[in-house]
Amino acid sequence: MQDEQVQQATLRLECEEFLYHTAELLDDRRLSEWHDLVTDDIEYRIPIRTTRERSKPTEFSKSAFHMKEDWGTLKVRTNRMASDFAWSEDPPSRTRRQVANVRITDVSDDEIDLKNNLVVVRSRKAETDPDILSMERHDTLRRDEDGYAPDWTERKGLKLARRTVLLDHTVIPTDSLSIIL
Amino acid sequence: MKILNDEDIYQRELNRIFAQTWVYVGHESEVPEPGDYRQRTIGEDPFVFVRDENGTLRVLFNSCRHRGANVCRAEKGNTTHFRCPYHGWTYQNTGDLVGVPQKGDGFDHLDADEYGLREAANVDTYNGLVFACIAPDAPQLEEYLGGATWYLDMYFDLIDMEVIGDPQRWVVDADWKTPTENFYGDNYHVPMGHKSAIDVGIGSETATGEEESELYGIADCDGHAFSIYQIDSEKPMFWGHPEDVVETFNHDALDDDQHEVARRSGVTLGTIFPNLSFIFLGGRDDPNKDPVGTFCLRQWQPRGPGKMEAWNWILAPKDAPAEYKERVYEVGMSTFSAAGNFEADDIGIWDGIDDAAGSVFVEQTEATTLFTMGRGENAAATIDDDWAGPGTAYADGGLTDENQLDFYRTWYETITTEGAE
């Protein structure tokens, strides 16, 4: 392979490892460690989707969201979810995140824009039919001294700087979004 | 308890409650221009809430008169006509049938005037809130709302409210009556149910006791009920809206008594029978940010026995600065919505009531839930005879079940009244 292709493949692998690692933190409910991997200026959004005609430019709202978060509000959420009195997550729902189809769309000096698909399988209590949440995420990862870096790289680690979650659902098919996507 | 998950009772609710009473369909600000439409449901029935070419608000049944297909397939939009995708029958946004392909060859006998889209028999608006009643014999909307108008005026006449964006919608394994009962005035659950949110510092100051206040439960209000915190202060409280926003309100719209209640108001919630609730609170999404007054309007849509779909609209004062309205949205979303820091825990608790309610044990033992709080001799909740508004006002209103009993009384009266079944 050409050097440039090797670099691209390596970069994608690095991003994938970041996404797998952060998915593991969320599946394992290590929410505070997850929050350590978002930048101070993070923009995290889940816009509301509506069923529209094909001719409309987008199905996603510009003004209405399920979540529209910054560093502080994400901290509030992760702290609350870790509480012994957060009844929506105690007993906790069991989640399994499947991250796939990682596509890097833009690279600058210290930021990487990428798209990836995510399926979250969420089970509660003794229920045998899990809730399934399906979505595309548009993420921006940024190099940061305190970011996550896999063992094999010498480069600075990565943190999540922007995330837009594009749900495949207009009606959320689970009782409450007391999990992070 | 059985009523929270029972097929027969559920069918009666659809027939006798949702098809016989005034049911909320949307806010005028969701369809500001002629041709604007939104798909809505009354009970489980599909309707289109549309502002027609003449500016009239209509609630059209979303089903072609020919073979019944949906003529409107997008959730919202703007159109002059609805065209059925099956055979091409076309209706104006007034509901009038204006196009039948090859009419002369196949339908020359058809009088198009008689085949407009069917529509809800009654549609009316109160201060921007649009309701419809499927049944032809309905009282006037204002009569149906009764004493509730005195309270609704404080939120929707004093303030020109507008809906921001689209509602959050999500499915919940709970009967529609469970949150409705809660929003009739279950203030008893707040310290326990919402401890996680209060502990992280995003509880409203009135509800957490940082402001000296009295909580009033308003029952016997023509079937509807409210809970209103009154803050002991000379300052303008107005549910946590700041002074520059309060200045934009229509202060002349209220009489002196109403205005005084509004001025002293902290967290306020209530429900219009059958399934339209709201919560108005000065809240925050982060303890390091300023609180804002946010208004969440919610509808508990029946989707089967023990099942519902929650809809949540966030409203802001129309004349407030754009940045403030954005904060109103963010705080509303963070507190009460599918991802709401308060709402999530309510739902986590309600999950399972339907399993118990649908059990053989409940059926065989005729198990009931308990609504006797505040009935003992030394009950804290007492009737305040000086209350200026309609209904019976209970001071220390967090410690009475009268509001919730009001819901079930209204429910029972309505469901046992023979309708047009």
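Chain identifiers are assigned alphabetically (A, B, ...) following the order of the sequence lines, protein sequences preceding nucleic acid strands; residue numbering begins at 1 within each chain.
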Evaluate side-chain contact (heavy atoms from CB on, under 4.5 Å) for H66(A) paired with M333(B), printing each intermediate quantity in order.
CA-CA 7 Å; H66(A) 294 289; M333(B) 173 200 74; 5.9 Å; no
Could you have a look at D285(B), D346(B), I314(B) and say which one has the most heavy-atom pairs with chain A under 4.5 angstrom?
D285(B)
Among K289(B), R73(B), H194(B), residue most engaged with chain A (heavy-atom pairs, under 4.5 Å):
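Going by pairs under 4.5 Å, I would pick K289(B).
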Where on [X] is there a heavy atom nearer than 4.5 Å to chain B: the side chain, the backbone, both, or neither?
{"X": "K125(A)", "result": "side chain"}
{"X": "E59(A)", "result": "neither"}
{"X": "D90(A)", "result": "neither"}

Could you please state which residues from residues 172-181 of chain A sit under 4.5 angstrom from chain B, measuring non-hydrogen atom to non-hydrogen atom, sorted by number, or 'none'?
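Only I172(A), P173(A), T174(A), D175(A), S176(A), L177(A), S178(A) of residues 172-181 of chain A have a heavy atom under 4.5 Å from chain B.
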Would a 4.5 Å heavy-atom cut-off, applied to side chains only, mark V76(A) and P287(B) as touching?
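Result yes, sub-4.5 Å side-chain heavy-atom pair found.
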Taking the side chain as every heavy atom from C-beta outward, state whether D345(B) and R80(A) have any atom pair closer than 4.5 Å.
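Yes - at least one pair of side-chain heavy atoms lies under 4.5 Å apart.
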Are D173(B) and R124(A) close enough, and set up right, to give a salt bridge (charged side-chain N to carboxylate O under 4.0 Å, His left out), and what steps lead you there?
CA-CA 12 Å; D173(B) 270 339; R124(A) 284 178 182 278; over 6 Å; no
Is it the backbone or the side chain of [X] that comes under 4.5 Å from a heavy atom of chain A, or both, or neither?
{"X": "S337(B)", "result": "side chain"}
{"X": "D199(B)", "result": "side chain"}
{"X": "Q168(B)", "result": "both"}
{"X": "Q39(B)", "result": "neither"}

Nearest atoms (heavy-atom pairs only) where G165(B) meets S63(A)
CA-OG, 3.5 Å
